[in-house]
Amino acid sequence: MVTSHAALTLNTTVKEQLHVLERHFILHRQSIEDWFHKQWMLTTPPIYGSIDLRNAGFKLAPIDMNLFPAGFNNLNPDFLSQSVAAARDVIKTILPEAKKIMVVPESHTRNLFYWSNVRTLQKILEKAGYEVRFGMLNGEIKTTENIVLESGDKVIVAPLTRKNDKLYVEDFEPDLILLNNDLSDGIPDILHNITQTIEPPPELGWSQRYKSEYFECYAAVAEQFADLVKIDPWLISPLFRYCGEINFLQQEGMECLTSNAEVLLAEIEKKYRQYNIPHQPFLIVKADAGTYGMAVMTVRNLDELKSMNRKQRTRMSMTKGGQPVRRVIIQEGIYTFETFGPEQAVAEPVVYLWGERVVGGFYRVHQDRGVDENLNSPGMKFEPLAFAETCNQPRDDMDPDACPNRFYTYGIVAQLSMLAAAREIKEKEKK
């Protein structure tokens with residue numbers, strides 16, 4: 001659904017630094033575009049991705065980057081042509097001769113919101129000129145099935161099969177295999193040593209990818225970009241640390257967690273004093289791998305870590321698919337002071353890209369969560385506020401915080417996030 005921006009509010013008096021960012025980005029627009037062009041010549045972007053942002057008024061930064069985005073159905077349908085054009089361009093860059101695409105969706109789900117995403121993804125790819133089929137992993141189905149959506153539309157899925165070093169769906173031989181499955185359970189044997197192009201690379205699934213490694217790449221990108229536009233990189237980048245050996249149930253590695261949390265809180269407090277920010281610093285501790293908002297907790301003081309009860313430790317001990325948590329990232333908590341609707345539900349923007357191009361976004365909205373809590377949790381709205389404009393058209397004649405300029409700023413930070421993912425992939429390929 002597309003809703004008026006009158007329903008969206010930035011509820012904070014601490015907006016000075018956000019306005020600085022917005023003014024700087026608009027002022028340096030041409031040099032920013034030139035800089036990005038050079039970066040994309042050096043590093044190929046991922047085929048697609050989504051970025052979770054938080055806008056605190058005094059800071060705007062990514063908190064997560066997903067290489068297997070699952071919310072295409074939430075994009076503004078009026079701008080679907082942006083996705084079609086961008087998808088065509090990035091696929092032609094990756095595999096110019098591609099005509100047939102097999103999408104590998106998530107396994108073990110009948111969540112109709114997810115399948116609406118898959119159906120929208122199919123529409124984008126077909127309008128871009130490709131023939132599309134869906135192949136299911138893990139022997140979950142034995143024959144072709146129809147998944148009927150609430151709209152009455154349907155998605156046709158079939159078992160994924162392998163012949164020698166190629167994958168098929170029935171007699172459909174794809175040129176390109178597009179993963180929309182984050183492979184949290186590991187890379188299945190059927191995907192190993194395939195001669196067809198697979199994007200994103202299976203090695204970027206959550207069984208082998210760490211958020212801390214991604215945010216190391218992002219911190220480097222943010223520092224370079226901040227030097228270009230003459231801003232403090234902290235304004236667009238979350239501070240973080242990580243612990244590599246932890247077991248919440250056995251309470252092993254907790255000393256590493258608390259000591260790193262203490263250092264990080266002190267670093268954040270120093271920045272808050274520098275910018276006269278009248279809020280309490282906080283941390284987000286989460287599994288260093290995984291998605292779906294699982295194994296995430298807000299920490300407002302160290303005592304909360306030192307006195308975790310069994311229920312809290314159990315909740316932090318596993319992520320999607322029952323995978324045990326062995327590493328955690330301790331991330332600077334970033335407030336979101338954006339709210340939606342008369343009930344003032346807390347909201348955060350999610351920006352979508354095909355390759356280097358921002359194609360739109362939407363707001364994740366949660367009525368029952370606070371401004372310092374994880375919104376990617378049960379109860380969030382799956383039909384959030386779609387951006388009414390694209391993120392590519394700033395307006396010099398409008399206030400820096402007017403919607404087109406705010407969305408443009410979101411788009412810049414999202415592109416920085418995508419560039420960091422591109423560098424992350426490049427680093428993995430070297431190993």
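Side chains are part of it too, since the values below use all heavy atoms of this structure and drop only hydrogens, waters and symmetry mates. Since the structure is predicted, the reported quantities are computational estimates derived from the model, not experimental observations.
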Next on the checklist: Ignoring hydrogens and geometry beyond distance, is a side-chain donor-acceptor pair present between N55 and Y410 at under 3.5 Å?
Outcome noted: yes
Item to check | E267: salt bridge (Lys or Arg N to Asp or Glu O under 4.0 Å) partners, not counting sequence neighbours | outcome: R241
Checklist entry - Are F25 and Y408 close enough that their ring centers fall under 6.0 Å? => result no
Item to check | R364 and E348 ion-paired at < 4.0 Å | outcome: yes
Next on the checklist: Donor-acceptor pair, distance only, cut-off 3.5 Å: does the side chain of T109 make one with the backbone of E106?
Outcome noted: no
Checklist entry - Is Q196 reaching over with its side chain to a backbone N or O of P174, donor-acceptor style, under 3.5 angstrom? => result yes
Item to check | Closest non-hydrogen atom pair between G333 and Y272, with its separation | outcome: O-OH, 4.2 Å
Checklist entry - Checking side chain to side chain contact (heavy atoms under 4.5 Å, CB included) for the pair I246/C256: CA distance, chi angles, key distance, verdict? => result CA-CA 8 Å; I246 197 161; C256 171; over 6 Å; no
Checklist entry - Could you state the interatomic distance from CG (L137) to CG (L183), rounded to the nearest 0.5 Å? => result 7.0 Å
Checklist entry - Is the Lys NZ or Arg CZ of R313 less than 6.0 Å from the centre of F248's six-membered ring, within 45° of the axis? => result no
Determine all donor-acceptor pairs shorter than 3.5 Å in which one atom belongs to a side chain in residues 41-51; sequence neighbours excluded.
| unit_1 | atom_1 | unit_2 | atom_2 | d |
| --- | --- | --- | --- | --- |
| Y48 | OH | L179 | O | 2.5 |
| Y48 | OH | N180 | ND2 | 3.1 |

Checklist entry - Does a sphere of radius 6.0 Å around CD in Q274 hold more than 12 heavy atoms from other residues, nucleotides or ligands, not counting ones at 6.0 Å or beyond? => result yes
Item to check | Backbone N/O of G71 and side chain of Y352: donor-acceptor pair under 3.5 Å | outcome: yes
Checklist entry - So is K211 actually on top of W206's ring, under 6.0 Å and inside 45° of the axis? => result yes
Next on the checklist: If I compare all heavy atoms of V296 with all of M316, which pair ends up nearest, and what's the gap?
Outcome noted: N-SD, 3.5 Å
Checklist entry - Do F337 and H279 have ring centroids that are under 6.0 Å from one another? => result yes
Checklist entry - Is the shortest heavy-atom distance from the side chain of Q415 to the side chain of F36 under 4.5 Å? => result yes
Checklist entry - Taking only residues two or more places apart in sequence or in another chain, which ones pass ring pair (Phe, Tyr, Trp, His ring centres under 6.0 Å) with F282? => result Y335
Next on the checklist: What's the separation between atom SG in C243 and atom CZ in R327, rounded to the nearest 0.5 Å?
Outcome noted: 10.0 Å
Next on the checklist: For a side chain to side chain contact (heavy atoms under 4.5 Å, CB included) check, start with the C-alpha distance between L264 and Q331, then their side-chain angles and the critical distance, and finish with the verdict.
Outcome noted: CA-CA 8 Å; L264 188 55; Q331 198 173 50; 5.8 Å; no
Next on the checklist: Does atom OH (Y130) have a neighbourhood of more than 12 heavy atoms from anything else shown, all under 6.0 Å?
Outcome noted: yes
Checklist entry - Taking K127 for the side chain and A85 for the main chain, is one N or O donor matched with an acceptor at less than 3.5 Å? => result no
Checklist entry - To the nearest 0.5 Å, what is the distance between CZ (F68) and CG (L204)? => result 6.0 Å
Next on the checklist: Less than 6.0 angstrom separating the ring centers of Y242 and F215, yes or no?
Outcome noted: no
Checklist entry - Taking NZ, NE, NH1 and NH2 as the nitrogens, is one of them in K92 or E97 under 4.0 Å from a carboxylate oxygen of the other? => result no
Item to check | Check: V104 main-chain N/O paired with N181 side-chain donor or acceptor under 3.5 Å | outcome: no
Next on the checklist: Is it true that, when you exclude E262 itself, more than 12 heavy atoms of the residues, nucleotides or ligands shown sit nearer than 6.0 Å to its CD?
Outcome noted: no
Next on the checklist: Assess the residue pair K100 and F172 against the criterion (side chain to side chain contact (heavy atoms under 4.5 Å, CB included)); give the C-alpha distance rounded to whole Å, side-chain angles, the decisive distance to 0.1 Å, and a yes or no.
Outcome noted: CA-CA 8 Å; K100 297 181 177 181; F172 181 81; 3.4 Å; yes
Checklist entry - Are R119 and K154 side-chain neighbours, meaning at least one heavy-atom pair lies under 4.5 Å? => result no
Checklist entry - Out of curiosity, I32 CD1 to I412 CD1, how far, rounded to the nearest 0.5 Å? => result 5.0 Å
Checklist entry - Roughly how far, to the nearest 0.5 Å, is CE of M102 from CG of L160? => result 4.5 Å
Next on the checklist: Quick test of your reading of the model: are E131 and R133 salt-bridged, counting only N-O distances below 4.0 Å?
Outcome noted: yes
Checklist entry - What pairs with R326 under side-chain contact (heavy atoms from CB on, under 4.5 Å), at least two apart in sequence or on another chain? => result N247, P324
Next on the checklist: Is the shortest side-chain heavy-atom distance between V359 and L353 below 4.5 Å?
Outcome noted: no
Checklist entry - Are W35 and W40 close enough, and set up right, to give a side chain to side chain contact (heavy atoms under 4.5 Å, CB included), and what steps lead you there? => result CA-CA 9 Å; W35 183 81; W40 297 127; over 6 Å; no
Next on the checklist: Quick check: closest heavy atoms across P281 and I268, and the distance to 0.1 Å?
Outcome noted: CB-CG2, 3.6 Å
Item to check | Ring centres under 6.0 angstrom apart (F134, W115) | outcome: no
Next on the checklist: Other residues, nucleotides and ligands only: do more than 12 of their heavy atoms fall within 6.0 Å of NE2 on H192?
Outcome noted: yes
Checklist entry - Which residues pass the side-chain contact (heavy atoms from CB on, under 4.5 Å) test with S116, sequence neighbours left out? => result N73, L149
Checklist entry - Is a side-chain donor or acceptor of E332 paired with a backbone partner of L239 at a separation under 3.5 angstrom? => result yes
Checklist entry - Can you tell me how far CG of L60 sits from CZ of R406, rounded to the nearest 0.5 angstrom? => result 10.0 Å
Kindly list each side-chain donor-acceptor pair under 3.5 angstrom involving residues 224-233, sequence neighbours excluded, with atom names and distances?
| unit_1 | atom_1 | unit_2 | atom_2 | d |
| --- | --- | --- | --- | --- |
| Q224 | OE1 | R423 | NH1 | 3.3 |
| Q224 | OE1 | R423 | NH2 | 2.9 |
| K230 | NZ | D227 | O | 3.1 |
| D232 | OD1 | W234 | N | 2.9 |
| D232 | OD2 | K271 | NZ | 2.8 |
| D232 | OD2 | Y275 | OH | 2.7 |

Item to check | Whether T336 side chain and A347 backbone form a donor-acceptor pair below 3.5 Å | outcome: yes
